[in-house]
Amino acid sequence: MKRIFIAASMMMLFVYSFAQQEVGKVTVQPKLGVNVATITDATHPTPVAGAVLGVEIERYMTKWLGISAGAHYSMQGGIDKDDVQVGFYGTTYHDVKMEVRLDYINFPILAHFYILPELAIKAGVQPGFNVREKYEVTGPGIYKDGHLSDLGVSVNSFDLAIPMGLSYMSPNGFVVEARYNWGLCHIVNGSDSRNSVFQFTLGYKFAL
């Protein structure tokens, strides 16, 4: 126990000594990048790529902790492949691909823990609102597209995720970040579908 306490104290001293940030400083970071998204309850889930762009504002609360809030336009969704039967005694279409596109405006709120001045581990909470939903079904002998609401599918307008990530800032202010957004809310009423999104962005951070 004593060794664990000493090791933890040395780690905290390391973080405090080297992860020096200017307390009270406020920065703005426009950013853009790509999402690699899936829907969790798909039969054969396949990722779909989409764009993400937005801005985040961060304030350094201590020399090693920052708090940020942002707004992102995020293109999400997923692809599934399965057999589909059309009608009660209808035709069965095999190996049909259904691509779902879900666009959200997300509002990430994160704590940034600075291991080094340029390197941060972050986690927080991200409420979001669905602003667009579409689908496309393709396969041998079938093609159909439109809105999920046309199929009687009700997409929840509200989403909530837990974002976790790692970022690196270069000396000239460019920020490279990898983030995972773990969806907590069901995408569609009456199903266990959730968003699962890996996000890779490039931003530029400057002080106000």
Please round to the nearest 0.5 Å and tell me the distance separating atom [atom1] of [X] and atom [atom2] of [Y].
X      : Y      : atom1 : atom2 : value
Ser68  : Ile109 : OG    : CD1   : 8.5 Å
Cys185 : Asp159 : SG    : CG    : 5.5 Å
Glu58  : Leu110 : CD    : CG    : 9.0 Å
Leu160 : Leu184 : CG    : CG    : 5.0 Å
Phe113 : Thr62  : CZ    : OG1   : 9.0 Å

For a 4.5 angstrom cut-off between non-hydrogen side-chain atoms, does [X] reach [Y]?
X      : Y      : value
Leu148 : Leu102 : yes
Ile57  : Val26  : yes
Val36  : Val197 : no
Asn195 : Ile187 : yes
Arg101 : Val48  : yes
Val131 : Tyr73  : yes
Thr38  : Thr46  : no
Lys25  : Arg59  : no

Test side-chain contact (heavy atoms from CB on, under 4.5 Å) applied to Val175 and Gln29, step by step: CA-CA 8 Å; Val175 180; Gln29 183 192 165; 3.5 Å; yes

Determine whether [X] and [Y] fall in the same hydrophobic cluster, where Ile, Leu, Val, Met, Phe, Trp and Tyr are linked whenever their side-chain heavy atoms lie under 4.5 Å apart.
X      : Y      : value
Val55  : Phe174 : yes
Ile105 : Val52  : no
Tyr143 : Met98  : no
Leu116 : Met169 : no
Phe158 : Val153 : no

Check against side-chain contact (heavy atoms from CB on, under 4.5 Å), Lys97 and Ile79: CA-CA 7 Å; Lys97 182 179 79 171; Ile79 296 173; 3.4 Å; yes

If I compare all heavy atoms of [X] with all of [Y], which pair ends up nearest, and what's the gap?
X      : Y      : result
Ser196 : Thr40  : CB-CG2, 4.1 Å
Ser74  : Gln199 : OG-NE2, 4.3 Å
Asp41  : Ser193 : OD1-CB, 3.2 Å
Leu65  : Ala111 : CD1-CB, 4.1 Å
Ala71  : Pro108 : N-CD, 4.3 Å
Tyr204 : Asn172 : CE1-O, 3.1 Å

Lys/Arg-Asp/Glu bridge criterion (N-O < 4.0 Å) met for Glu22, Lys63: no

Pair Lys122 + Glu177: basic N to acidic O under 4.0 Å: yes

Test item: Asn35 side-chain N/O and Met75 main-chain N/O as donor-acceptor pair under 3.5 Å: yes

Side-chain donor/acceptor of Asn130 to backbone N/O of Val155, under 3.5 Å: no

Set of residues satisfying ring-ring contact (aromatic ring centres under 6.0 Å, His included) with respect to Tyr135, sequence neighbours excluded: none

Salt bridge (charged side-chain N to carboxylate O under 4.0 Å, His left out) against Arg194, all qualifying residues, sequence neighbours excluded: Asp192

More than 12 heavy atoms of other groups within 6.0 Å of Lys144 NZ: no

Whether over 12 other heavy atoms sit under 6.0 Å from Leu202 CG: yes

Derivation of the side-chain contact (heavy atoms from CB on, under 4.5 Å) call for Glu56 and His72: CA-CA 8 Å; Glu56 294 184 359; His72 296 169; 3.1 Å; yes

Tyr180 and Phe198 aromatic ring geometry - parallel, tilted or perpendicular at 30°/60° bounds: tilted

Aromatic contact, Tyr104 with Phe129 (centres under 6.0 Å): no

side-chain contact (heavy atoms from CB on, under 4.5 Å) partners for Asn156, two or more places apart: His186, Asn189

side-chain contact (heavy atoms from CB on, under 4.5 Å) between Arg179 and Ser167, intermediate numbers included: CA-CA 8 Å; Arg179 187 180 296 184; Ser167 70; over 6 Å; no

Working for side-chain hydrogen bond (donor to acceptor under 3.5 Å, both in side chains), residues Asn106 and Gln76: CA-CA 11 Å; Asn106 292 326; Gln76 301 171 195; 3.2 Å; yes

